[in-house]
Every structure is written in structure tokens, then in C-alpha cells.
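This report concerns only the one structure given below.
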Number of protein chains: 2
Amino acid sequence: MSKDILQKFNARRIIVLIRTHGPLSRLQLTQMLSVAPSTVTRLVNQMMDINLLTEFPNPEKQGQKGFPAKLLRFVSDSLVTAGVFFDPDRIFTCIADFDGNPLSEEEIPITERSFEAILSQASQSIDNQIEALKLNSTHIVGCGVSYPGQHTEEPGRNLKTKQFSNWPNVDVLNDLQPFFDFPVYQINDAKAACLGEMLYGACKPYQNFCYIWLSYGIGGAAVIDQNLYLGNNLAAAEWGGLFPKSKMRPSGQHFLDTLRVSGHELKRLDSITDWHLEQPEARQWIDEATQKLQWLSLVIARTFAPEAIVFGGTLNASLIDEIQSRIASTEHLGEDFLISPPDILRATTDNKPQLGAAALAIHEMLSPSKFTQ
Amino acid sequence: MSKDILQKFNARRIIVLIRTHGPLSRLQLTQMLSVAPSTVTRLVNQMMDINLLTEFPNPEKQGQKGFPAKLLRFVSDSLVTAGVFFDPDRIFTCIADFDGNPLSEEEIPITERSFEAILSQASQSIDNQIEALKLNSTHIVGCGVSYPGQHTEEPGRNLKTKQFSNWPNVDVLNDLQPFFDFPVYQINDAKAACLGEMLYGACKPYQNFCYIWLSYGIGGAAVIDQNLYLGNNLAAAEWGGLFPKSKMRPSGQHFLDTLRVSGHELKRLDSITDWHLEQPEARQWIDEATQKLQWLSLVIARTFAPEAIVFGGTLNASLIDEIQSRIASTEHLGEDFLISPPDILRATTDNKPQLGAAALAIHEMLSPSKFTQ
DNA sequence: TTATTATATTGCGCGCTGCAATATAATCGT
DNA sequence: ACGATTATATTGCAGCGCGCAATATAATAA
């Protein structure tokens, strides 16, 4: 069962197409890729040999003339990806298939916030799930790890975090890889969530979009031609920087601080209830935050001109819902904005942040930029 | 002399490397491309066969042990590109080689502003230069055409312009191609200038940068991984949209209007003299414009996080010089901006806007995104 | 039962590439 | 002075991904 087929250019393109469009016939793949039918046949058959793809009759083509096309789909437990997300309060882990269905999930409360403790629990959780699903490490394309933090300027995609006191800048190869038996990738919470939306969520149809991630802070990500654009120092799309700390900023932390001043002592984002959102101080904050985020949307539309802007995050879901729908329903994003505006979307996978981490491993394998040949 | 070698993947990569790095030996190419030496030898020899490349001894390696490496460079008149730029006042045309040296240039004053008149003069000028240089159309990879305007949402890269009254939206294939015997490409002034900087000017070393184009209006462009990023509706990096028409905006037109209010009647940007720049009203305008453009630089740094931001345009050169150097010398781009800022550069080719148009044809041929195979 | 149609497979050859052996042209060492 | 050494380039050969064209397959239509 040699998987070097996965290194082949057109094999990857086939995987990408089936992943984004759902089941397809060989003929459809031929047309979409502009390659000879024989090429598709050979590659598909090799992928069926290693049990990555399977075929089934097309129910819609029952009773039609000609050779009945067979549709191709992924074998759900043939190749899977692992995802780990954590914040100061909890660890989320999962194993997901190529279609983005979690095959298993786990949530673990955090008791000790040391790097060692969190990562051992996470890797143990992944191992348990692999065992429970009767998989082994040859089935895993990789594991994505994501948590709140900022990428540093050093090479190697290091991540530093304020949320976990005394943590070092975490380096993928030196610090993370020892915990896992398969390739590990690391990215911050916002950018992982963005990949989740791109591969599995509301952004599947888009080539270019921007993500606005509302959590304790304000994060973000920009997708250009189905790739994460990270920019110099990996600082691209870090929208939080557009809101100086000296002024009101539409972050979860600022919302908690605002509530605290008026006597509602909350420490965690997930303690916010619908009742809190109805308080006058909250209403006012929401108005102001919506206004700021609409300005941000305008700036994004004028700079990146994405097809869509997506709102998501670990902030209270109703709160994000309201902000997104209010911005989506405004007549004009801003003065002189005459061209058709980007779609303003609500993220659909931000309740499962580990799915974004899982998406990272798939992205690293399938992103067009990774296979030049 | 069959030029289908130019369609080959690694042949194009070789051209790109020699274009960006200058003369290289076969061994250097081997290492930079991570291919076998035999691959480079064969491709290079084919390109020498069609007289695209030529070799010469490496002067620096005189007196060193071993087989002396021969360096490869372009034959200057083997493959060339044509460029046409015009604004309401003049037409600039040129023929340039792959290294960005103009082989010939022409400037034509505009007497009649009809589409037909301008394009016939431009194409006639190009044809004359081709003849004078003893070239024929097989040597021309293409012709870029650029002028002030905004791209429309229609497919086919249509360009609409306010500067030329009664002009239709110009479509490349239907409207432009009939004037030329080789492929034509069209793009607006700002984005063409940006390509000129990327291929020939101050931005050669950068993978990602943003261009701020100061002319009658405020244009711009974003380069991501050595590609123009155009965004949805080709509206990306149109910075002008960030300055509402209801307020002060750092555009050449606004500068002319400001001077007019204080009694200095100027209609054309190239009528601005150093004396004008010393007037009190001008000084105040420049202060304000610098402040606005520094804010823009901060926004760009926070969104695109480019390696560099380049200032250029058809606005008075001293004026752009001053704005660029003032922004480049500020301690911090803005509040909380802690990471290393982008380089703030001065464009070096904006005195030859036709070179940017010429760059477009080369870019269309050599851009990595155009050759997947 | 045969013709027609839509889809998939097989046989063959081309062309790009890597590998390993060989060639080339300079200096170094004695 | 002349072979040894070194750095660079070329050649022969084989592998392999792909396209083309012929063929096979499995359904409906006549």
C-alpha cells in the first residue's frame, strides 16, 4: 500500500476537486482538470488500490442512456487528520476525515497550564481516538495544533502566547513534534479557524476571502487563491493592530472589561449569557463595536477586495451573530463604495475550533502552492 | 527557430532566474532550481539555439581552479517587449529587452483625445521602433498598454477612464488587439508602474510589496509572491477608496485644487514647479498629505504586511520624494506597531511609465502563476 | 436483438527528467 | 613540464507521467 501516489501532481488535483465538489465521476474530473481520460483512470485506480477512494453508482443517472458514470468519494477512514485546539480553559481534540466530518472528538478541561501538561494530554487524547477508531499512524496525514497567540519573526513558524504564562516561543520541530508520531503543524487560533471555514465551512466556494476572528483579542486571516497569505513576519491580516489599545476596541477582553466596570464580574468569554447582552452597557458596547467592525470591513474591502468577509470566533455566538447580521444588512459599507461589496458571512465551524487545526494538516498537504511540479 | 521552448516549465524558471539575478552559470541554475545538471544543460542549449541566451566567461573566476564557469545572459534584441503609456497630455512608447533596458523610446504629445487617434499613433510609434531596431514581430513577446482608469467588473479586464471623455469601457481583445500584430495586454497606470518596479526597479528583491501611486488620483497595487493581486472586481489595493471624497485626500487633483483656491491656476501635474511647492498653502497641504499617507502605510502594514511599501506616480517628483522620505524616517509607523515595519521605498521607474506597460507583457509570460504544468 | 450512446480502459509512444558515467578546461604539486 | 586535482558541463540511458487513438463496457432506444 504505497502512498507515493499522493505526491503526484494530478493525483492531488483530483483529491482537491473531490474534496471541494463532493463525489465526481472520472469524466467530470477529466473535464475539470483538462487532462486525458486515461490519466484520470490510472490515477483514480491507484487511489482506489490504496483504499483512499471508492466508487458508487450515480443515483441521478439511473435510467439514462450510455455507460453509467460511477461517482468517486473518499473512504472515510482511509486518510484522516488530527486536530488540537486549546485556550486557557479547555483542550479540544478530534480526528476528522477528508470531507471534514469529525470521526471522533474530545473536550478536556485544563487543570495545569504548563506546556508539557497540555501537550501530553492533547497527544494522549489523539492517540486514544486513533486506537478507538482502529486506525494507525499510517492513516494520519498529520496533526494541526492551534491556540491563541502571535507568530514571531523567527523562521520555523514559532508561536508566542500571552495566555499561558511562562510559555516559551513554541517551535514546531523542536517543541511540538516529539509529542506526535506523524507530522505536526502549528498556527494560531484565528488562522486555523480560517482554514476550517475554507475547507469545511462557509467559505468553500471562495478563492479569496478574509476572516475576522473575535475572541479575547481580535485576530484574522486572509486567504488568497485558496492559500493563507501570511505576509512579512506572519503579520498579515492581524486586524487587532488597527485598533489602538488607547481607544475602544471590539475585542472580547474589552467587552469583559466594560461589563466589569458596570458591576458584572466575568472572567471568561463562555460565561457571557444572553442576559448580559441585554444590559444597557452591553448594548452600547455592541453598537460601538459594530460600527468599528463595519469600518474594518470597509478597510478590508478597499485593500484586499475579497469575495467575502467572514465573522467568527470564541466570543459569545449570539453577539457575533448580531454584529455580522447588522453589517451584512447595511445598505452601503461606506462612503463612495460603489462596486459590489464582499459577501458578509457568519462562520459555521467556530463552535469546533479543533476542526480548523485539523484542516491545517490537510491544507499543508493539498494546498496548490505546496505542489509546484 | 522554434520558440516552444518558452512553454516549458523549467525553461521559464531559468528565464525568471536570469532576469531577476542577472547572469548565472549553469551550475548556479542547477542549484537554484533543484534540478539535475543535465536538465539545465539541455534547456540552456535549446535557448542558445534560438538565440535567446548567450554565454560569456565569468571575469570573477579568472585564475581559479577547475572548469571555468560560463555565465548566461539574454541576447538583448532576441526577445523584446513593447510598452505604451498615455495620459491626457502625452503618449509614451518603448521597446525594452528582458533586462529592462529600453532599446528605444518615443514621446508624442496628444492633440486629439479620441480612442482611435491615440491608439493608432501609439501602434504606429511601436511599429516604427521595431523597424528602426531591425526587429520583426516574432521577436516581440507582447505589448502592454496602460493609462489612468479603473478596471470594471466585467470579465476580460476592461478598463474605464474618466480622463478621456466619451471613451467606452475598453476591452482588450475587441478594442485593443486590432491595433497590434502581437499579443496585447492592458492594465491601469498604477498597476503597470507597480510591475515596472517589480521587474526593473526598486522592488526586484521583494516577493511581497504594495505600491502607492500618486497621480491626479490615488491608485495602487499589491504584489503577493511576485504576482499582482487584483482581488474581486479587480479592486484590490485601490487605496483611493480609503479617502472619502468629502474630505481632504492626498491626490494630485486635490493639490491642484488647493493651489487654485489660493490663486495659483494650474491644470496639469507637470506644470507644478519647485516654486509652487514652497508656497504656504502647498506646505500645509504636504504636511496633511504626508500624515494621511503615513496612516495609509500603517493600514497597509497591518493588513498586507508587505516587505515594502513603494511610493511613486506622475505627481511632481520632489513632492513624492519628500513624502516618501518623511514617512521613511518616522520612528514608528503608528501606535503599538512593534514588529519591524516594511521598507518605505521610492519608485525608480516612474519617470518612464511606458516601462511598466512593457513589463506587463513579460509578466504575463513569466509569472509563476501562469505556468502550472 | 441490434444500434446507439455515454463512460471507462488499454496499448503505444513521446518528451521531460534524474542518474551515473564521461568530457572539458582550468590550477596545483612535485 | 606533466600528471593530479578540481570545478563545471555534457552524454547515454532508463523511468515515468501523460496524451492519443483504439477498444471495451453497460446502459437505453429502435
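Just so it is clear: chains get the letters A, B, ... in the order the sequence lines come, proteins before strands, and each one is counted from 1. Quantities reported herein were computed from a predicted structural model and do not represent experimental measurements. Note that these values count all heavy atoms, side chains included, but never hydrogens, waters or copies made by symmetry.
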Enumerate all atom pairs, one protein N or O and one N or O from nucleotides 12-15 of chain D, separated by less than 3.5 Å.
none

Atom pair distance, as rounded to whole Å: [atom1] in [X] and [atom2] in [N]:
| X | N | atom1 | atom2 | answer |
| --- | --- | --- | --- | --- |
| A:Asn45 | C:dT7 | CG | P | 17 Å |
| A:Met48 | C:dT9 | CE | P | 8 Å |
| A:Gln46 | D:dC16 | CD | P | 11 Å |
| B:Gln7 | D:dC18 | CD | C1' | 17 Å |
| A:Lys70 | C:dA6 | NZ | C1' | 12 Å |
| B:Leu71 | D:dT8 | CG | P | 11 Å |
| A:Phe9 | C:dC16 | CZ | C1' | 15 Å |
| A:Ile14 | D:dG17 | CD1 | C1' | 12 Å |

Find every protein N or O atom lying less than 3.5 Å from an N or O atom of nucleotides 23-30 of chain C, and list the pairs.
{"residue": "C:dA26", "atom": "N3", "partner": "B:Gly66", "partner atom": "N", "Å": "3.4"}

Which residues pass the side chain to side chain donor-acceptor pair (under 3.5 Å) test with [X], not counting sequence neighbours?
| X | result |
| --- | --- |
| B:Asn233 | A:Ser340 |
| A:Thr39 | none |
| B:Arg26 | B:Asn45, B:Glu55 |
| B:Asn232 | none |

**Item:** Donor-acceptor contact below 3.5 Å, side chain B:Ser78 vs main chain B:Asn51
**Value:** yes
**Asked** DNA chain C: A:Ala69 or B:Thr39, which has the more 5' nearest nucleotide?
**Response** A:Ala69
**Asked** Does the side-chain hydrogen bond (donor to acceptor under 3.5 Å, both in side chains) test come out yes or no for A:Asp99 and A:Tyr200, once each step is laid out?
**Response** CA-CA 7 Å; A:Asp99 294 322; A:Tyr200 303 141; over 6 Å; no
Has [X] got a side-chain N or O lying under 4.0 Å from the OP1 or OP2 atom of [N]?
| X | N | result |
| --- | --- | --- |
| A:Asn10 | D:dG17 | no |
| A:Thr41 | C:dA8 | no |
| A:Lys8 | D:dG17 | yes |

**Prompt:** Considering only side-chain heavy atoms of B:Arg26, which listed nucleotide, C:dT9, D:dT10, C:dT7, is closest?
**Reply:** D:dT10
**Item:** side chain to side chain contact (heavy atoms under 4.5 Å, CB included) partners of A:Asn174, counting only residues at least two apart
**Value:**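 For A:Asn174 the side chain to side chain contact (heavy atoms under 4.5 Å, CB included) partners, ignoring immediate neighbours, are A:Asp171.
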**Request:** For A:Ala237, check side chain to side chain contact (heavy atoms under 4.5 Å, CB included) against everything at least two apart and list the hits.
**Result:**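 Side chain to side chain contact (heavy atoms under 4.5 Å, CB included) check on A:Ala237 returns A:Ala222, A:Trp239.
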**Request:** With axes from five pairs an end, tell me the bend angle of the helix from C:dT1-D:dA30 to C:dT30-D:dA1, nearest 10°.
**Result:** 20°
**Contacts of B:Tyr229 that satisfy ring-ring contact (aromatic ring centres under 6.0 Å, His included) - sequence neighbours left out** =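 ring-ring contact (aromatic ring centres under 6.0 Å, His included) check on B:Tyr229 returns nothing, list empty.
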**Prompt:** Taking only residues two or more places apart in sequence, or in another chain, which ones meet A:Phe74 in a ring-ring contact (aromatic ring centres under 6.0 Å, His included)?
**Reply:** A:Phe98
**Pairs flagged by salt bridge (Lys or Arg N to Asp or Glu O under 4.0 Å) wherever residues 71-81 of chain B is involved - sequence neighbours left out** =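 As it turns out, there is no salt bridge (Lys or Arg N to Asp or Glu O under 4.0 Å) pair with a partner in residues 71-81 of chain B once direct neighbours are skipped.
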**Asked** Want to settle it: does B:Pro37 or A:Ala11 sit nearer the 5' end of DNA chain D, counting the closest nucleotide to each?
**Response** B:Pro37
**Request:** For A:Ala36 and for B:Leu27, find the nucleotide of DNA chain D with the closest heavy atom, then tell me which residue's nucleotide is more 5'.
**Result:**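 Of the two residues, B:Leu27 wins.
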**Message:** Does B:Val40 reach a base, just sugar-phosphate, or nothing at all? Heavy atoms under 4.0 Å.
**Reply:** nothing
**Request:** Answer with yes or no after comparing the ring centroid distance for A:Phe209 and A:Phe304 against a 6.0 Å cut-off, counting only values under it.
**Result:**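 They do not qualify: ring centres at least 6.0 Å apart.
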